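Treat the numbers as computed from the prediction; the structure is a model and nothing was measured.
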Amino acid sequence: MDGRQDPFESDDMALSGSSDMAQEAFDAALLQSALSLAGNEGWHRFSLVDAAREAGLPIETVRRRYPLKALLLLQLGRLADASALRDDGDGGTLREYLFDLIMRRFDIFQEYREGVRAVLQAVPYDPALAAFLAGTTLDSMKWLAEAAGIDCTGFGGVIRINALSGVWAHAMRTWEKDESPDLASTMAALDSALDRAERYGILKPSARRKMDEALNNTGLPDHDLELES
């Protein structure tokens, strides 16, 4: 070690479950270290031991919490989802809210930009990683779709969630090359993809969304309305 004090060296801070703040700080430090190494060396050219040492974290705790390196990407996805879903987004159209949700995910990815780009570069050569990320992306898109008020029920819902994953992938490819500080190219690509999704009926509102819009438009008090499916 380089003489830095280990902020997690005590048993109490070793993520025994008694401190959510300790867990969050531990995860954040490890994620920052790992994606920094990924950006500098490539996703497959560092280990979790390297990341733990770089961050000054106890290796045994890293082993217990992250038995697989890919789980760091699951943690990144959860952070991005939490950022996106933090605001209920009252007001605006379904499409506008969905645009905001997706761009909030990119705000988190932007914080780890070079590391995420390293992961994307590794995906074509790692089928297991590609399958893992495909699954986690579908899960994230389901959360975003339901939050935005898209109808996710039945077989049509499965199609819409998969299509929304395609929207995300299209915007992600642009984001990977987008060097603008305001992500203007990424926003334009997302806007275009959502236009196509809307034309093909992917942004079909759920019954709950229809009811909320009806209440907002009529100004009636909140009570059940019968809506055509």
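- Counting heavy atoms from C-beta outward, F106 and D178 have side chains that stay 4.5 Å or more apart.
- S140 and R105 make their closest contact through OG-NH2, 3.3 Å (heavy atoms, listed as atom of the first residue, atom of the second, distance).
- Using a 4.5 Å cut-off on side-chain heavy atoms (C-beta onward), W43 and L73 make contact.
- The two residues R113 and E179 come nearest to each other via the heavy atoms NH2-OE2, 3.9 Å.
- Put simply, CZ on F46 and OG on S36 are 9.5 Å apart, with the number rounded to the nearest 0.5 Å.
- The side-chain heavy atoms of D100 and M103, taken from C-beta on, include no pair separated by under 4.5 Å.
- Within the 4.5 Å cutoff, the side chain of V116 has heavy atoms near those of the M172 side chain.
- A distance of 5.5 Å separates CG in L76 from CG in L31, rounded to the nearest 0.5 Å.
- When side chains are defined from C-beta on, R104 counts as touching L101, because their heavy atoms get closer than 4.5 Å.
- For R95 and D195, the salt-bridge test passes: some basic side-chain N is under 4.0 Å from an acidic carboxylate O.
- Scanning both residues, I150 and L203, for their nearest heavy atoms gives CD1-CD2, 3.9 Å.
- Looking at heavy atoms from C-beta onward, L72 lies in side-chain contact with L48 at the 4.5 angstrom threshold.
- The closest side-chain heavy-atom distance from Q75 to Y66 is below 4.5 Å.
- A salt bridge links K142 with E146; the closest basic N to acidic carboxylate O contact falls under 4.0 Å.
- The pair R173-E176 fails the salt-bridge criterion, with no side-chain N (NZ, NE, NH1 or NH2) lying under 4.0 Å from an Asp/Glu carboxylate O.
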